[in-house]
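These notes are about the structure you will find just below.
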Amino acid sequence: MPARSAVVIALLILGGTALPAQPPAPTAAAPRPAAAVAARSPRNASYAITARLDPSSRSLTGDELLTWRNTSARATSTLQFHLYYNAWRNSRSTWMRERALKDPRLARRPERDWGWIDLTGLRVIPRGGTPIDLLSRAQFIAPDDGNRDDRTVLEVPLPKAVAPGETINVQIAWTSRIPRTFDRTGTIGDFYLVAQWFPKIGVLEDTGWNTHQFHSATEFFADFGSYDVRLTVPRGWTVGATGTERERRDEPDGTTTHRYAEDDVHDFAWSTSPHFLEHTTTVEQAGRSPVRLRLLLQREHAGQMDRHVAAARATLKSYGAWFGPYPYDQLTIVDPAWQSNTGGMEYPTLVTAGSRWIAPRGTATPESVVVHEVGHQFFYGIVASNEFEHAWMDEGLGNYIEARVLEETFQPEYYSKRYFGDFVPWVFRDFALGRLTGGDRMAGYRPDATTDVPSTPTWRYWPVSAGAITYGKTALWLHTLERMVGWPTLRRAIATYYARWAFKHPAPEDFFTVVNEVTGRNYTWFFDQVYRSSGAFDYGIQTLLTEPDTARGYMGDAGARRFAAADRRDGYRTSVVVRRLGEGLFPVDVRVVFESGEEKRWQWDGRDRWKRFDVVTASRAAYAQVDPDRVLLLDVNVTNNSLTLAPRADAAARRWSLAWLVWLQDHLLTYGFFV
């Protein structure tokens, strides 16, 4: 059934207003609906939703018609739904229990901060039959941890099993209270970021329902569909949402209903506020129609409009050139309100950025957040891997590519230090950041390098350090892989993966298979190290000796044997011992540079705990290095990667003293400015 026809039927069943036979004349606020396109995805979980926001009570009243098709190979006698807002119903939820390991203060939030979602109606609508009530049969389940107090997954027994390929319609009504943001979604003042807000069906796989509880260390997983959503908010409030605005109608009660629709997306989020500054422009794409870019900016960030746009444009063009074009007609960027805790999040065709009132040019605020979140439109929005179980496939890959976009487009990027509660920046214009100093997140990864095996389902990661593995380790091993095979080859592998698995929910093995195929080599040994192991990598120089090539003892053969106290040959004998200090195994080069400027290199498979290399040369050794080209970016301690002979006794002390004096001077100047 065409998506538009399905939506018309859905609205009629819900008692809403069907699509008008003759759409209103297009305006700047209500552009003409996009031309129908062939389905890019299975479109097996489609929603027609109406919702009304009451800011006075922070309440949301909604109803939806879900049209769901069973695309698995098994029949199902139940349905399972996510009710994410119940994560903030009380401190007994799984999300709150996990987050308490990191921040126990959250449980002390005041009464007005908490939120929930309650179903008021749940019916299955048989084709040509009478609707059947399901709400009385529904029950909360906790498939991950057995927490009886968690209410983020609802299971509903069906009166009749849904066979493979069969489609059913489910009508749901609900009310919810929007929380003061605990994480990802919520409100502060009259700014709302409404995400994970409606009853959303899980994913039925051949092995059964994949409907995880809401965990603090993971994000989401859902099937693709067509969304047609009507949002009623106070008149004069601006709305940004997934998809394109198709209609806008003022209601008699002083509200306005905004209708947004989009095909081939797996989620829907929206934001509203009376204070947004709105800016629209277009981004050209090779081989495709331009993308309408809509920016909803906080008024105090008006001077950063061009920086947000430039970052979004650079991301769409880079991803488009490297992997494939952005397939939707619109992208909305929401600049979240200060202290709303909703920045840096991605949803289909809508992302939230993140900036500061004081954001000096030459730093990556707001550029880095915009680049990262817009980049999510590709591997989160289009490829759509399971972020509950394999968050690295989106977040880690996005972090790696974000760093490359910033390196190629926004350089120099200077290091900045913020003072007074992270509010006032001080820019160090003598220190430019790059992928190695900022983009790979080594500083965050190093202390938590061994906390989890990355192949563990992400929802089971240690919540306090999950980001170090998901973001940092993935970016580091992808960058290491790039140094092994070269950027052109790795770019081609990622592009092949993107084209092959768009709209299909791939698994980790699918990515690894494509890399091996495109490179023409088997890197399973590498993926075993970085994905199926928690071992840390650490190689170091243990010993460097260089002496005149002199020996003591008996020299010569029988009949000519003699004792020599010091048998001297020309040149110097150098011995270097390199040691594997971590559990990770990786082939590394060993390099010795001599006082003459010459050098000697050896290749070592890196498997033994230590290895000795010897060479006789005409010159003394000056220093030795392991992994001199920094191929292994996962090495958690690069300070032991080199050893220098006869260093100046005061060199290190002098460098550190000067560094501390500069830092002290910067602090004194900063504080003096505010006295």
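In this text, all values refer to a predicted model and were calculated from it rather than measured experimentally.
Separating the OG1 atom in T185 from the CD1 atom in I178 is a distance of 7.0 Å, to the nearest 0.5 Å. Taking CG from N399 and NE2 from H372, the interatomic distance works out to 6.0 Å, rounded to the nearest 0.5 Å. Going from atom CE of M393 over to atom NE2 of H390 covers 7.0 Å, rounded to the nearest 0.5 Å. If you take CG on L53 and OG on S176, they are separated by 9.0 Å, rounding to the nearest 0.5 Å. Interatomic distance, T218 OG1 to W459 CH2, rounded to the nearest 0.5 Å: 9.5 Å. Remark: I333 CD1 to L296 CG distance equals 9.5 Å, nearest 0.5 Å.
Between Q285 and Y326, some side-chain heavy-atom pair lies under the 4.5 Å cut-off. Between M442 and V638 the shortest side-chain heavy-atom distance does not fall below 4.5 Å. Contact of the E245 side chain with the Q330 side chain is not registered, since no non-hydrogen atoms from C-beta on lie closer than 4.5 Å. No side-chain heavy atom of Y260 sits under 4.5 Å from any side-chain heavy atom of T242. Side-chain contact between R435 and R404 is present, with at least one heavy-atom pair separated by less than 4.5 Å. Considering only heavy atoms from C-beta on, V369 stays 4.5 Å or farther from V371 through its side chain. Residues Y445 and L634 are in side-chain contact: their nearest non-hydrogen atoms beyond the backbone lie under 4.5 Å apart. Looking at S368 and F410, their side chains never come closer than 4.5 Å, going by heavy atoms from C-beta outward.
Within the 6.0 Å centre-distance limit, the rings of Y531 and W392 are counted as a close aromatic pair. The distance between the ring centers of H266 and Y380 falls below 6.0 angstrom. For Y497 and F323, the gap between ring centers reaches or exceeds 6.0 Å. Ring pair H212/F220: centre-to-centre distance not below 6.0 Å. Checked against a 6.0 Å centroid threshold, the rings of Y415 and F428 count as neighbours.
Scanning all heavy atoms of the two residues, the minimum distance from R418 to P360 falls at NH2-CD, 4.5 Å. The two residues D448 and G444 have their closest heavy-atom pair at OD2-O, 4.0 Å. Considering all non-hydrogen atoms of both residues, D452 and S534 come closest at O-CB, 3.6 Å. Contact record, R92 with N90: N-OD1, 2.9 Å, taken as the closest heavy-atom pair. For the residue pair L350 and A269, the shortest heavy atom distance occurs at CD1-O, 4.0 Å. Taking each heavy atom of S318 and V405 in turn, the nearest pair found is CB-CG2, 4.0 Å.
Applying the side-chain contact (heavy atoms from CB on, under 4.5 Å) rule to S416 yields the partners T363, V427; only residues at least two apart in sequence or on another chain are considered. Taking T450 as the reference, A536 meet the side-chain contact (heavy atoms from CB on, under 4.5 Å) condition, with sequence neighbours excluded. A search for side-chain contact (heavy atoms from CB on, under 4.5 Å) contacts involving R235 returns D250, T256, not counting sequence neighbours. Contacts of R112 classified as salt bridge (Lys or Arg N to Asp or Glu O under 4.0 Å), with partners at least two apart in sequence or in another chain: none.
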Where do Q339 and I188 land on the side chain to side chain contact (heavy atoms under 4.5 Å, CB included) test, with the steps shown first? CA-CA 8 Å; Q339 292 187 325; I188 182 171; 4.0 Å; yes
Criterion salt bridge (charged side-chain N to carboxylate O under 4.0 Å, His left out) on R630 and D635, from CA distance to verdict: CA-CA 9 Å; R630 290 295 311 280; D635 193 316; over 6 Å; no
Pair E98-H215, side-chain hydrogen bond (donor to acceptor under 3.5 Å, both in side chains): steps then yes or no: CA-CA 7 Å; E98 292 175 351; H215 297 276; 2.8 Å; yes
Do F198 and Y227 pass the side chain to side chain contact (heavy atoms under 4.5 Å, CB included) test, and can you show the C-alpha distance, the side-chain angles, and the key distance before you say yes or no? CA-CA 12 Å; F198 60 94; Y227 284 75; 3.8 Å; yes
Test salt bridge (charged side-chain N to carboxylate O under 4.0 Å, His left out) applied to R58 and D113, step by step: CA-CA 10 Å; R58 293 207 330 248; D113 284 8; 5.3 Å; no
Given T152 and Q213, is the side-chain hydrogen bond (donor to acceptor under 3.5 Å, both in side chains) satisfied, shown in steps? CA-CA 6 Å; T152 58; Q213 297 161 242; 5.0 Å; no
Worked verdict on S385 versus F511 for side chain to side chain contact (heavy atoms under 4.5 Å, CB included): CA-CA 11 Å; S385 51; F511 180 81; over 6 Å; no
R292 vs R294, test: side chain to side chain contact (heavy atoms under 4.5 Å, CB included). Steps then yes/no. CA-CA 6 Å; R292 182 174 182 261; R294 186 178 184 220; 4.2 Å; yes
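Looking only at atom types and distance, the side chain of Y400 has a donor-acceptor partner in the side chain of E482 under 3.5 Å away.
Judged by distance alone, with hydrogens and angles left aside, the side-chain atoms of S340 form no donor-acceptor pair with the main-chain N or O of P336 at under 3.5 Å. No donor-acceptor distance shorter than 3.5 angstrom exists from the side chain of R313 to the backbone of L293, with no hydrogens or angles considered. When atom types are taken as modelled, the side chain of Y461 and the backbone of P454 share a donor-acceptor pair closer than 3.5 angstrom. Checked by atom type and distance alone, the side chain of E284 never pairs as donor or acceptor with a backbone atom of P290 at under 3.5 Å. With hydrogens and angles disregarded, a donor-acceptor distance shorter than 3.5 Å links the side chain of N341 to the backbone of F182. Panel note: side chain T458, backbone A391; a donor-acceptor pair is recorded below 3.5 Å. Side-chain atoms of E413 never come within 3.5 Å of backbone atoms of L433 as a donor-acceptor pair (strictly under, hydrogens ignored). A donor-acceptor pair under 3.5 Å links the side-chain atoms of T470 to the main chain of A466, judged by distance alone. The backbone N or O of V636 lies less than 3.5 Å from a partner atom in the side chain of R446, making a donor-acceptor pair. A donor-acceptor pair is defined here as one N or O able to donate and one able to accept, closer than 3.5 Å; no such pair exists between the side chain of S465 and the backbone of A468.
Among F214, W116, W197, the single residue meeting the ring-ring contact (aromatic ring centres under 6.0 Å, His included) criterion with W88 is F214.
In W322, the CH2 atom is crowded: over 12 heavy atoms of neighbouring residues, nucleotides or ligands sit closer than 6.0 Å.
Screening residues 386-403 for salt bridge (Lys or Arg N to Asp or Glu O under 4.0 Å) gives no qualifying pairs among residues at least two apart or on separate chains. Pairs passing the side chain to side chain donor-acceptor pair (under 3.5 Å) check and including a residue from residues 344-358, sequence neighbours excluded, read Q304-S355, R356-D422.
No salt bridge links R108 with D103; every basic N to acidic carboxylate O contact stays at or beyond 4.0 Å.
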